[in-house]
Participant: 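Here you go, one structure.
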Amino acid sequence: MLNTGSRFLKVNHAGEMGAVCIYSGQIFMARLTAPSLVIRLQEFREHERGHREVFRAELAQRGVPLCRSYWLCAGGGWLLGLITGLLGQRAIATTTAAVEHVVLRHLDEQLATLADQDPAASACIGSILVEEQQHHDEWEGLAGGHWAYSLAPLVRLSTEAVIQLGLRSLIDAPLRRASQVRRQPTGMPRRRRSPGFSPGQARQRTAGALPGSPLNRCAAPPPPPG
Ligand SMILES: [Fe+2]
Ligand SMILES: [Fe+2]
């Protein structure tokens, strides 16, 4: 069974795919509806591609497969991007600000949960925080109008639902493990902990990353949020 850090990485990797596809859908439509935003959208899509690569590389090192929701995030992201792109500049900004708002809250929660238990996963998550905050702040400045009441709550709710779908097993897993251990008869050997990702291993892996590798972003200490 995957440890908590690997599960967070897996869900985040799928989420970054969703973000890339939201921006791709919006860029496609914004060429007609909000041409002044296209360059900014393309720049932020490059950030999201970088984030996706950070998580992909760490998951590959751990031998963890794609999240089941990966292609769902891709398709849903494309659809959301196309629809909101069609609605123009304010709708684009409101949508992306709403998505980033939910994402930032989850990243903060993940960092608090992981703390010292998985430094490599924490470093990966920490390495994208500054750019995610930048996305949120810039789009928030352009968001508003009636979309703030009609579109933003819907986007926040659906983003939260997709994330929760991926995280549900994270919440259940420790409870299941705890109950399995309790059910063992007295005198039986204790269940061995599943092979985790010790701080020593994390340092070894990140120290071995090649110059220019996305893993180097994981090796860096997490930047302060905000
Ligand atoms: Fe991202
Ligand atoms: Fe972002």
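Both ligands and their constituent atoms are indexed starting at 1 by order of listing.
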Participant: Is it the case that the side chains of His135 and Glu48 hold a donor-acceptor pair, with the cut-off being a distance below 3.5 Å and no angle test?
Facilitator: yes

Participant: Does any N, O or S atom of Glu131, backbone or side chain, fall under 2.8 Å from the Fe ion (ligand 2)?
Facilitator: no

Participant: Spell out, yes or no, whether Leu80 and Val11 are grouped together once hydrophobic residues are joined by side-chain heavy atoms under 4.5 Å, including indirect joins.
Facilitator: yes

Participant: If you have a sec, read the angle at the Fe ion (ligand 1) from Glu16 atom OE2 over to Glu48 atom OE1, to 10 degrees.
Facilitator: 140°

Participant: Is a donor on one side and an acceptor on the other found under 3.5 Å between the side chain of Ser6 and the backbone of Leu2?
Facilitator: no

Participant: Looking only at N, O or S atoms in His51, which is nearest to the Fe ion (ligand 1)?
Facilitator: ND1

Participant: Could you check which N/O/S atom of Glu132 is closest to the Fe ion (ligand 2)?
Facilitator: OE1

Participant: What is the distance from atom CG of Leu107 to atom CD of Glu100, rounded to the nearest 0.5 Å?
Facilitator: 9.0 Å

Participant: Within rounding of 10°, what is the angle whose vertex is the Fe ion (ligand 2) and whose arms end at ND1 of His135 and OE2 of Glu100?
Facilitator: 90°

Participant: Taking side chain as C-beta onward, heavy atoms only, is Leu87 less than 4.5 Å from Ile92?
Facilitator: no

